[in-house]
Amino acid sequence: MNITTVLCAVSARPTLTGMPELAMQRADTFCLVTSDSDFAYLCRKLRERGASVCIVGESKTPDALRNASDQFFEWTRPEHPHTTAGSTAAIPAKDTLPKTEPSNDQTKPVVKRRPRFLVEAVALLTGSTSDGKVTMGLLGQYLKRTDPAFSPQTYGHSGLLSMVKTYDLLIAHQQDGGHWSVSLAAKVDASTENLNSVMPD
């Protein structure tokens, strides 16, 4: 999975204007480490282009920035234990440290799933459009409103765009300027199609 981590040290919106186009050429999943609400603009632009965005911020992070991301992780400053000079009693010997066995979960491949509700959402949103398409950003916002816990990673995908591309019943379109939209591949009855399938590795 191609992931780009952006460490945020500036807060001026003009500085962020050209970042989505440059960043989207390299990755489709981004992690921003910031508590500054100015970066909500960048999050929205990246998600409009089909990327998945997560935020790592402090508890003071405003709701505007939290809601502009796909996932928010709260960061807390670690507490360092105070030890007296020359004291070694609190430090266990190397041979006495507990040995940890590798978890079997780390070796299991991620199962990619295609839930039914994604096709149903596209069918609903495109039903009132003249061209039968909906932007990836609007689709992502609708899914988050329907289920605030929704994340493509839950279903084994790096982002919403990569998730859409696995569906035979959906077509992803790249527009001028790098924007992505999605439409139904054909007129289908989502209630009768078997969409809750598992993709082969």
Discussion item. Let's go through Val53 and Leu32 carefully: what are the C-alpha distance in whole Å and the side-chain angles of both, what is the deciding distance for side chain to side chain contact (heavy atoms under 4.5 Å, CB included) to 0.1 Å, and is it a yes or a no?
Written reply: CA-CA 8 Å; Val53 180; Leu32 279 69; 4.1 Å; yes
Worksheet item: Val119 and Phe117: same hydrophobic cluster, using ILVMFWY side-chain contacts below 4.5 Å?
Response: yes
Worksheet item: What's the spacing between Arg113 CZ and Thr166 OG1 if we round to 0.5 Å?
Response: 12.0 Å
Discussion item. Once rounded to the nearest 0.5 Å, what's the spacing between atom CG of Leu161 and atom CH2 of Trp180?
Written reply: 5.0 Å
Practice prompt. Identify, with sequence neighbours excluded, every residue that meets side-chain contact (heavy atoms from CB on, under 4.5 Å) alongside Gln175.
Written response: Lys133, His173, His179, Ser181
Worksheet item: Can you tell me how far CG of Asn67 sits from SG of Cys43, rounded to the nearest 0.5 angstrom?
Response: 11.0 Å
Practice prompt. Measure the spacing between CG of Leu118 and CG of Leu160 and express it to the nearest 0.5 Å.
Written response: 6.5 Å
Worksheet, complete the sentence: Scanning both residues in full, the closest heavy-atom pair of Phe30 with Ala51 reads CE1-CB, 3.7 Å
Listed pairs under 3.5 Å, donor-acceptor, residues 54-64 side chains, sequence neighbours left out:
{"residue": "Thr61", "atom": "OG1", "partner": "Ser35", "partner atom": "OG", "Å": "3.1"}
{"residue": "Thr61", "atom": "OG1", "partner": "Glu58", "partner atom": "N", "Å": "3.3"}
{"residue": "Thr61", "atom": "OG1", "partner": "Glu58", "partner atom": "O", "Å": "2.6"}

Item to complete: State, yes or no, whether a side-chain contact exists between Glu74 and Arg66 at a heavy-atom distance under 4.5 Å.
Response: yes
Worksheet entry | side-chain contact (heavy atoms from CB on, under 4.5 Å) involving Arg77 - partner list, sequence neighbours excluded | Trp75
Worksheet item: Residues two or more places apart in sequence or in another chain: which of them pass side-chain contact (heavy atoms from CB on, under 4.5 Å) with Leu124?
Response: Tyr142
Worksheet, complete the sentence: Note: Val182 and Met136 closest approach over all heavy atoms is CB-CE, 4.4 Å
Practice prompt. Side-chain contact test, heavy atoms from C-beta onward, threshold under 4.5 Å: evaluate it for Asp70 versus Gln153 and give yes or no.
Written response: no
Discussion item. I'd like to know if the side chain of Thr29 reaches the main chain of Ser158, judged simply by a donor and an acceptor atom lying under 3.5 Å from each other, with no hydrogens or angles considered.
Written reply: yes
Response to the item:
So CZ of Phe150 and CZ of Arg145: to nearest 0.5 Å the spacing works out to 13.0 Å
Discussion item. So does Ala68 get a backbone contact from the side chain of Arg44, meaning a donor-acceptor N/O pair under 3.5 Å?
Written reply: no
Fill in: Partners passing side chain to side chain donor-acceptor pair (under 3.5 Å) against Thr135 (at least two apart in sequence or in another chain)
none
Discussion item. Show the nearest heavy-atom pair for residues Ser52 and Gly159, with the distance to one decimal.
Written reply: CB-CA, 3.8 Å
Practice prompt. Check Arg47 against Ser69 and note the closest heavy-atom contact, atom names and distance.
Written response: NH1-O, 3.6 Å
Practice prompt. With the side chain counted from C-beta on, respond yes when Ser162 and Lys112 share a heavy-atom pair under 4.5 Å apart, and no when they do not.
Written response: no
Practice prompt. Please check if Leu143 and Ile171 belong to a single hydrophobic cluster, counting links between Ile, Leu, Val, Met, Phe, Trp and Tyr side chain heavy atoms closer than 4.5 Å.
Written response: no
Discussion item. For a quick test of reading the model, state the closest non-hydrogen atom pair linking Leu65 to Ala40 and the distance between them.
Written reply: CD1-N, 3.6 Å
Worksheet item: Does a side-chain heavy-atom distance below 4.5 Å link Leu138 with Leu125?
Response: no
Worksheet, complete the sentence: To the nearest 0.5 Å, atom NE2 of His157 lies from atom NZ of Lys165 at 13.0 Å
